[in-house]
Amino acid sequence: MRIARFVVNDEPAYGLLNEDDTLTELVGDPLYGGVQPTGNTHQLDDVRLVAPVLPRSKVVGVGRNYADHAKEMGSEPPASPMLFLMPNTAVAGPGEPITMPAFTEEVSYEVELAVVIGRIAKEVPEERVPEVIFGYTVANDVTARDAQRTDGQWARAKGFDSSVPLGPWVETDLDPADLEISGRLNGSTVQDGTTADMIFDVPFLISYISQAMTLLPGDVILTGTSAGVGLLAEGDTFEGEVEGIGVLRNTFRR
């Protein structure tokens, strides 16, 4: 199933995306009440999509989880997952303009597969990880590279407002083991990878993270990016695409 969050007539709602590009409105938030269709339907073109999930507590990022990206950043692949946290105020939606903050001159894109947690999860064995996953979406881990270099900690560089666009919807039925991931800057392909090249795969990551912190419904895990990251400028459009999910498109402004 593909579950979107949208606004129509100034009211937010969740909907089930159908094959004919209509949305069947759902009762409440499916993370908590399950998928309960109502009798209301909307044309996809008649609504405004927003971030498909609002993390209740946190976004967890995984740094340098692809060897080729670690190499282009001048680092060796990490021996264990490199984790960092981003506030839920960093989340933005598909189509929303992303404002590059005044404190940075070097803003970069990073297309990633994002995992949406569906139930409370603590110390989850790898073989049971599928039980705690609600679905998957596309993320752009927008990064202030200059702040990342100078700050030591990455909270400001990766956690500023609107630095984590998510969308266009959540796909609940997906095998994350070998998915094509691509990024296009103003229509030109700049990132082209596959989740099969992750150093630490999704089951390992969720199990590892849940050993340290309880994961709550709606929490989002960003799983890392492949090589090809680069800088964004005023007016640029970046499209991140993950096989089996769709395209996340945002424009950037100062």
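Below, all heavy atoms of this structure are taken into account, side chains as well, without hydrogens, waters or symmetry copies. Residues: numbered from 1 along the sequence shown.
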Any donor-acceptor N/O pair, [X] side chain to [Y] backbone, under 3.5 Å:
X	Y	answer
S163	K158	yes
Y14	G28	no
R48	V7	no
T99	R254	no
D201	F204	yes
S210	I206	yes
T143	S108	no
N140	E110	yes
N186	T237	yes
D146	E105	yes

Considering only heavy atoms from C-beta outward, does the side chain of [X] approach that of [Y] to under 4.5 Å?
X	Y	result
D141	F84	yes
M1	V170	no
N250	F238	no
Y208	L83	yes
T189	R184	yes
D46	V8	no
Y66	I181	yes
L113	P176	yes

Q: Test side-chain hydrogen bond (donor to acceptor under 3.5 Å, both in side chains) on Q191 and T225 and set out the steps.
A: CA-CA 9 Å; Q191 289 189 275; T225 195; 2.8 Å; yes

Rounded at 0.5 Å granularity, tell me how far [atom1] in [X] sits from [atom2] in [Y].
X	Y	atom1	atom2	value
R128	E123	CZ	CD	12.5 Å
E243	E171	CD	CD	11.5 Å
L26	Q36	CG	CD	8.5 Å
I199	D68	CD1	CG	8.5 Å
T195	D178	OG1	CG	5.5 Å
N9	H42	CG	NE2	8.0 Å

Side-chain heavy atoms nearer than 4.5 Å, only ILVMFWY residues, links allowed to pass through others: does that put [X] and [Y] together?
X	Y	result
V202	L222	no
L17	V47	yes
I3	V138	no
I133	I209	yes
V132	Y32	no

Locate the shortest heavy-atom distance separating [X] from [Y]; write the atom from each residue and the value.
X	Y	answer
P165	V142	CD-CG2, 3.9 Å
M86	V60	CE-C, 4.2 Å
A51	V91	CB-CG1, 3.7 Å
G167	T137	O-OG1, 3.1 Å
V242	E112	CG2-O, 4.1 Å
I117	L31	O-CD2, 3.5 Å

(Q) Taking side-chain contact (heavy atoms from CB on, under 4.5 Å) as the criterion, tell me which of I221, N88, L215 meets it with K58. (A) L215

Please say whether more than 12 non-hydrogen atoms of neighbouring residues, nucleotides or ligands are located less than 6.0 Å from [atom1] in [X].
X	atom1	answer
K122	NZ	yes
R2	CZ	yes
E76	CD	no
I120	CD1	no
D20	CG	yes
E126	CD	yes

Q. Would you say the side-chain atoms of N65 and T223 include a donor-acceptor pair closer than 3.5 Å?
A. no

Q. Should F134 and V53 be marked as a side chain to side chain contact (heavy atoms under 4.5 Å, CB included) after you check the CA-CA gap, both sets of side-chain angles, and the distance that decides it?
A. CA-CA 11 Å; F134 179 72; V53 60; over 6 Å; no

Q. Between V62 and L205, does a side chain to side chain contact (heavy atoms under 4.5 Å, CB included) hold up when you go through it step by step?
A. CA-CA 8 Å; V62 181; L205 288 175; 4.0 Å; yes

**Q.** Check against side chain to side chain contact (heavy atoms under 4.5 Å, CB included), E234 and R253
**A.** CA-CA 5 Å; E234 170 81 31; R253 65 187 182 188; 3.9 Å; yes

**Q.** V164 and V220: CA distance, side-chain angles, deciding distance, side chain to side chain contact (heavy atoms under 4.5 Å, CB included) verdict
**A.** CA-CA 10 Å; V164 187; V220 175; 6.0 Å; no

Q | Qualifying salt bridge (charged side-chain N to carboxylate O under 4.0 Å, His left out) pairs, either residue in residues 25-34, two or more places apart | A | D29-R56

Q. Aromatic rings F160 and F103: how do their planes relate, parallel, tilted or perpendicular, breaks at 30° and 60°?
A. perpendicular

**Q.** R145 bridged to E106 by N-O distance under 4.0 Å
**A.** no

